[in-house]
Amino acid sequence: MQLKDKVAIVTGSSLGIGKAIAKAFGREGAKVTVDYRSHPNEAKEAVEEIEKSGGRAIAVQADVSKPEDIKKLVGKTVEEFGRLDIMVNNAGIEEKKPFLETPLETWEKVIAVNLTGVWLCCQEAAKQMVSQGGGGRIINVSSIHEEITMPTNAPYCAAKGGLKMLMRTIAVELAPYGITVNNIGPGAIETPINQNLKENPDQMKQLLEEIPLGRIGQPEDVASVAVFLASDAASYVTGSTYFVDGGMMRQSGSL
Ligand code: NAD
């Protein structure tokens with residue numbers, strides 16, 4: 001077991017990639033807080049699945065765009081499990097609209113969850129890790145869109161691009177405390193966020209042509225990299241993004 005007795009929070013882990021990470025951490029022996037915003041039944045199911053495979057877990061309702069909720073999230077975790085070793089900032093949203101038609105409210109909403117929310121979670125988690133001592137791990141679920149564009153999704157791309165420099169900067173600031181900070185940049189992963197792809201075979205075909213490994217990713221493909229980054233095997237790894245994209249970032253199109 002690579003994470004035996006480590007205590008982890010995974011934000012937005014009632015569904016999708018976050019749920020796969022929470023379950024993988026549970027299987028590796030971690031005690032896990034499943035954070036959810038609006039799906040209590042799914043969060044309960046995630047907790048039950050972790051416990052069925054022998055792990056320990058609790059569910060805590062917390063909206064990552066609200067500072068008071070994040071204090072509650074870290075506070076309840078420490079109250080239940082005694083400390084916090086691993087913070088995974090996974091919660092994210094997107095609202096696609098052409099740039100010229102995007103209202104300020106959309107920009108503010110996406111940035112509040114995908115960038116400010118991660119900043120808040122990193123700070124609250126790092127304060128706890130520094131005060132308890134012994135180092136820690138912060139892992140942000142970013143995207144290939146911290147590097148490459150997606151027209152009609154500027155707020156999302158700006159937030160993920162921001163996560164790149166947030167991660168790099170605080171990796172340096174937190175290194176003296178033994179806290180590592182890394183991003184995972186998924187490519188196209190089969191989750192509810194991109195349900196529309198499944199319903200659009202032409203778009204799916206076009207997408208698969210852009211993925212050198214020729215398949216859409218599964219949440220477990222991301223979870224296994226999260227386990228590595230959270231484990232002792234990654235103790236000398238900080239300040240980097242790990243892309244989990246089937247080679248999508250490297251494809252060269254028809255050239
Ligand atoms: P998803 O929509 O299935 O899950 C997102 C989770 O975040 C949900 O559980 C949702 O309830 C939660 N969430 C949203 N806003 C929240 C808030 N304010 N507070 C707390 N929780 C909140 O999406 P997913 O595909 O599993 O995405 C997870 C992460 O991976 C996101 O950050 C996303 O940007 C990133 N990502 C996904 C893909 C992909 O193809 N699926 C690709 C690149 C990056």
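Order of appearance sets the numbers: ligands from 1, and atoms from 1 within every ligand.
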Residue-ligand contact Y36/ligand 1, heavy atom below 4.0 Å: no
Tell me, please, which residues at least two apart from K72 pass salt bridge (Lys or Arg N to Asp or Glu O under 4.0 Å). none
So if I count the atoms of ligand 1 from 1 in the order they appear, which ones are less than 4.0 Å from some heavy atom of Y156? 33 (C), 34 (O), 35 (C), 36 (N), 43 (C), 44 (C)
Which residue from I189, N90, V141 reaches closest to atom 31 (C) of ligand 1 through any of its heavy atoms? N90
Among all the protein's non-hydrogen atoms, which is closest to atom 25 (O) of ligand 1, and how far away is it? T191 OG1, 2.5 Å
Taking a cutoff of less than 4.0 Å between a non-hydrogen atom of the residue and any ligand atom, is T11 in contact with ligand 1? no
So between R37, K109, K19, Q61, whose heavy atom ends up nearest atom 16 (C) of ligand 1? R37
P186, G92, A20: member with heavy atom nearest to atom 43 (C) of ligand 1: P186
Under a heavy-atom criterion of less than 4.0 Å, does K160 contact ligand 1? yes
What protein heavy atom sits nearest atom 13 (N) of ligand 1, and how far off is it? A91 CB, 3.8 Å
Under a heavy-atom criterion of less than 4.0 Å, does G187 contact ligand 1? yes
Below 4.0 Å from ligand 1: does a non-hydrogen atom of A112 turn up there or not? no
Provide the number and element of each atom of ligand 1 under 4.0 Å from a heavy atom of D63. 17 (C), 18 (N), 19 (N)
Can you tell me if S142 contacts ligand 1 (heavy atom of the residue under 4.0 Å from the ligand)? yes
